[in-house]
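The structure appears below as structure tokens.
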Amino acid sequence: MSSHGTPIPMMSAPCGALSGVADVPGDKSISHRSLILGAMAVGETRISGLLEGEDVLDTAKAMRAFGAEVDRDDDGTWHVHGVGVGGFAEPDQVIDCGNSGTGVRLIMGAMATCPISATFTGDASLNKRPMARVTDPLALFGTRAVGRSGGRLPMTIVGAKNPVPVRYAVPVPSAQVKSAVLLAGLNAPGQTVVVEKEATRDHSERMLAGFGAEITTEDTDEGRVITLTGRPELKPQTIAVPRDPSSAAFPVCAALIVPGSDVLVPGIGLNPTRAGLYATLRDMGADLTYENEREEGGEPVADLRARFSPEMKGIDVPPARAASMIDEYPVLSVVASFASGVTMMRGVRELRVKESDRIDAMATGLRANGVDVEEGEDWWSVTGHGPGTVKGGAECASHLDHRIAMSFMVMGMATKHPVSVDDGGPIATSFPIFEPLMQRLGASLSRADG
Ligand SMILES: O=C(O)C1=C[C@@H](OP(=O)(O)O)[C@@H](O)[C@H](O)C1
Ligand SMILES: C=C(OP(=O)(O)O)C(=O)O
């Protein structure tokens, strides 16, 4: 199981131009889904490019606990021998999903309509996050959940013995909730319908179709209506996971703010439901180009080229874009600190229920480093004064949140004084090679433990 036992304090000192090629790891969302859908198919799914971060490794362990065979070859290819829809066995251990909201919520959905029970837990961050957003719709299938007060983990899910299909309008923009309902719908007879007002990442829909499920998506006045026919036999797949746009954001944003930089980040998945950050950076005046645009495994992919961009301006980020860049606001706020003027980010209440309250965590750390930040319940704004103007010098709390830790490490590359985080350990949940990758580009990152 993941452990974030001993904190790993890290420091990022101002550095010279960043240059070179940044090969970021596989997409976290697609990696979780590859393992889970592979475990629900009949036969062997092969996965290359799987993200081997703690979040995904915890999902691999969980799939084994539910009866799938999950192995890794020395060359990094993963094999999942699935047990079929409805075929999960009851785990004999508590399922520890570590730091991963995606892992726990999707797995709860996948087992919710099997006649078994499972108890889930996570680290101190995950055990604070809301689970009722998933267990409420799962109850409509006939699933029961008993957790701590406020719908928190640890929590036992008692799967529905005779599940019924459901129609559910997701009340918050969340691909995890949508996906949990769809995965539960796989083992319900008839049609399960999910309606989302705001489109969120659609990897589950694309991959369910790829595995042979009957699934349709229709844009209506009500929103996006997704209809899944239950009880399919999922066919095993060969999956090449594209590289993660959310991880690519860190070398890209670092290159934009460090004078003289020129960095190439190849093979990045640019599914429109994920690419909002890159549209926003271009709107701010970033020198960011897409090269070699192509399609791989049903997803649009390009090589991103980012160069130092001294003329970036603050903008109002369109709230309609929020879902497509939800994990990128922390690092966007760092870029905004080096742009001229106000960057306004609205419609981002969801940031408060991630691995940490990301508005609060970033606002506190940015202010400590000399940046002006204002915030409300579902908005925040950052005022920047251009390159070379940010003092830095502070230690920031990462709150067991990888994106907060990496964002402040990026910031320290361009401030006047080094920036530290109290714990860089959580970076391993999504981007285990962040440190050597950024060092190879020229970043000056160090650990207090040497
Ligand atoms: O479905 C997914 O893979 C994810 C959905 C998003 O969470 P929400 O569904 O809570 O918005 C995102 O923040 C997370 O990193 C991955
Ligand atoms: C929110 C995130 O992940 P999760 O919800 O899976 O913990 C993230 O990776 O930024």
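Remember, it's 1-based here, ligands and their atoms both numbered in the order they're listed.
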Q.
Does this structure show an ion pair linking Asp27 with Arg274, if we count only N-O contacts that are shorter than 4.0 Å?
A. yes

Q: Quick one, list the residues around ligand 2 where some non-hydrogen atom comes in under 4.0 Å, by chain and residue number.
A: Lys28, Asn99, Ser100, Gly101, Thr102, Arg129, Gln176, Asp327, Lys354, Glu355, Arg358, His402, Arg403

Q) According to the interplanar angle, ranging from 0 to 90°, do the rings of Phe250 and Phe431 count as parallel (below 30°), tilted (30 to 60°) or perpendicular (above 60°)? A) tilted

Q | Within 45° cone of Phe211 ring axis and under 6.0 Å: Arg206 NZ or CZ | A | no

Q.
Just to be sure I understand the cut-off, which residues have at least one non-hydrogen atom under 4.0 angstrom from an atom of ligand 1?
A. Lys28, Ser29, Arg33, Thr102, Pro173, Ser174, Ala175, Gln176, Arg201, Ile326, Asp327, Lys354

Q: Specify the closest pair of heavy atoms between Ser125 and Leu400, including all atoms of both residues, with the distance to one decimal.
A: N-CD1, 3.7 Å

(Q) Strictly distance-based, threshold 3.5 Å: is any side-chain N or O of Asp327 a donor or acceptor partner for the main-chain N or O of Arg403? (A) no

Q: Name all residues meeting the ring-ring contact (aromatic ring centres under 6.0 Å, His included) criterion together with Phe88; count only those two or more places apart in sequence or in a different chain, and write none if there are none.
A: Phe66

Q. How would you list, by chain and number, every residue that makes a ring-ring contact (aromatic ring centres under 6.0 Å, His included) with Phe338, sequence neighbours excluded?
A. none

Q. Are Ile215 and Ser204 close enough that some pair of their side-chain heavy atoms sits under 4.5 Å apart?
A. no

Q. Given Val80, which of Leu50, Ile47, Ile239 fulfils the side-chain contact (heavy atoms from CB on, under 4.5 Å) condition?
A. Ile47

